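As structure tokens, the structure follows; a few thoughts come after it.
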There are 2 protein chains.
Amino acid sequence: MEEGTLKSPSHCDSTDYGDSDPFQWDTREDCEVRQILDRVADKWSLLVIALLERRTLRFTELRNEIDGISQRMLTVTLRQLERDGLVERTVYPVVPPRVEYALTDLGCTLHETIKALVTWTEKHQDEIAAARAAYDRRMATV
Amino acid sequence: MEEGTLKSPSHCDSTDYGDSDPFQWDTREDCEVRQILDRVADKWSLLVIALLERRTLRFTELRNEIDGISQRMLTVTLRQLERDGLVERTVYPVVPPRVEYALTDLGCTLHETIKALVTWTEKHQDEIAAARAAYDRRMATV
DNA sequence: CGGCATCCGTGCCGATACTG
DNA sequence: CAGTATCGGCACGGATGCCG
């Protein structure tokens with residue numbers, strides 16, 4: 001799953017990056033990458049994509065799975081993801097209505113990346129908790 | 001406060017998510033992973049971490065690099081990242097003041113993941129743009 | 001230069017009611 | 001069941017002013 005990610009051997013403090021820097025990117029607000037990142041990095045989007053990877057889900061199933069999301073936000077999030085071509089919406093013309101959501105192929109590729117993010121979070125949550133505790137202690141002693 | 005967060009009785013704290021279900025995680029709001037994800041997925045945090053990977057930067061350098069960020073939000077973002085142990089803040093007692101920000105080791109590991117996210121976005125931005133155009137066209141015809 | 005405090009507008013988001 | 005429509009609170013974030 002983890003495609004041999006480009007390791008950072010020592011370039012954390014390296015200042016010698018050329019124009020070929022794989023991470024030299026446009027930071028302007030109107031940059032399309034930033035627009036998409038804002039969408040992708042959305043908290044609800046992350047959760048929806050994560051859940052849909054496991055299997056196709058109906059609207060209420062998603063709402064029940066995601067604690068704290070309102071019907072409105074789930075609808076909005078799903079519409080955005082559908083518009084971006086990450087999620088496919090299928091309506092079955094039955095009574096009562098049945099609507100299923102599934103990841104598209106594009107959504108599946110994104111899920112690989114998101115999974116890495118979640119995995120990182122799970123792996124390092126203890127370090128972050130410790131860092132927060134240490135920080136709060138430092139601030140308190142002042 | 002800093003006491004170990006209430007662990008979920010079920011599967012949340014299980015680090016063995018790799019085999020049977022690679023993406024079965026706790027979606028409850030009080031789940032620590034979700035809290036951290038919200039922070040990590042923040043749009044400004046992403047940009048700051050991305051820029052700091054290249055080299056250490058001063059406050060104003062960051063502000064100039066990140067188009068559209070206000071001084072307030074840069075300060076808030078940097079404080080959060082510092083508190084989470086992802087960014088290190090160094091103050092040089094000179095006049096005028098000089099403050100430098102750098103990624104910690106933990107921050108470097110996160111950057112690997114973020115880079116994957118940005119790379120994905122760059123790689124698929126055309127597909128997303130096409131999907132959006134198609135979606136908008138469908139909606140317009142109705 | 002690199003903050004922090006304060007004020008205040010905007011828009012996000014939840015709650016509610018209604019439809020097919 | 002799966003939405004849309006509408007309203008309103010409040011938190012997020014911008015602008016400004018002051019300080020070490």
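Keep in mind that what you see is a predicted model, and the values were worked out from it rather than measured. By convention in this document, chain letters (A, B, ...) are assigned in the order of the sequence lines, proteins followed by strands, and residues within each chain are numbered from 1.
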* To do: Name every residue in residues 70-87 of chain A that has at least one heavy atom under 4.0 Å from any atom of DNA chain C, in order of residue number, or write none if there are no such residues.
  => A/Ser70, A/Arg72, A/Met73

* Can you tell me how far C1' of D/dG3 sits from CD of A/Glu100, to the nearest Å? -> 16 Å

* Side-chain touch B/Leu62/B/Leu78, heavy atoms, less than 4.5 angstrom -> yes

* To do: Would you check, one step at a time, whether the test side-chain contact (heavy atoms from CB on, under 4.5 Å) holds for B/Met139 with A/Arg79?
  => CA-CA 12 Å; B/Met139 293 301 105; A/Arg79 286 294 171 283; over 6 Å; no

* To do: Can you pull out how bent the helix from C/dC1-D/dG20 to C/dG20-D/dC1 is, comparing the axes over its first five and last five pairs, to 10°?
  => 50°

* Among all residues two or more places apart in sequence or in another chain, which pass the salt bridge (charged side-chain N to carboxylate O under 4.0 Å, His left out) test with B/Asp67? -> none

* Asked: Should the heavy atoms of other residues, nucleotides or ligands under 6.0 Å from CZ of A/Arg28 be counted, would the total exceed 12?
  -> no

* To do: Calculate the interatomic distance between A/Tyr92 atom OH and D/dG3 atom C1'; express it in whole Å.
  => 18 Å

* To do: Measure from the side-chain N and O atoms of B/Asp84 to the backbone N and O of B/Leu86, and report whether any donor-acceptor pair falls under 3.5 Å.
  => no

* Considering residues, nucleotides and ligands other than A/Asp26, do more than 12 of their heavy atoms fall under 6.0 Å from its CG? -> yes

* Interatomic distance, A/Asp42 CG vs D/dC12 P [rounded to whole Å] -> 15 Å

* Please check if the side chain of B/Thr27 supplies one atom and the backbone of A/Glu65 the other of a donor-acceptor pair under 3.5 Å. => yes

* **Separation of D/dC1 C1' from A/Leu57 CG (nearest whole Å)** => 15 Å

* To do: Can you spot which of B/Leu106, B/Thr77, B/Leu52 makes a side chain to side chain contact (heavy atoms under 4.5 Å, CB included) with B/Val87?
  => B/Leu52

* To do: Mind checking A/Arg89 for me? I need base, sugar-phosphate or nothing, with any heavy atom below 4.0 Å counting as a touch.
  => sugar-phosphate

* How long is the line joining CZ of A/Arg98 and C1' of D/dC1, in whole Å? -> 10 Å

* To do: By nearest nucleotide on DNA chain D, pick out whichever of A/Arg58 and B/Gly68 is the more 5' one.
  => A/Arg58

* Selection from C/dG14, C/dC1, D/dG3 that lies nearest to any side-chain heavy atom of A/Trp44 -> C/dG14

* Structure fact -> In whole angstroms, the gap separating P of C/dC12 from NZ of A/Lys43 amounts to 14 Å

* Asked: Quick check: does any side chain N or O of B/Thr104 sit under 3.5 Å from a backbone N or O of B/Gly85, one acting as donor and the other as acceptor?
  -> yes

* Ignoring backbone atoms, establish whether A/Tyr101 has a side-chain N or O less than 4.0 Å from OP1 or OP2 of D/dC1. => no

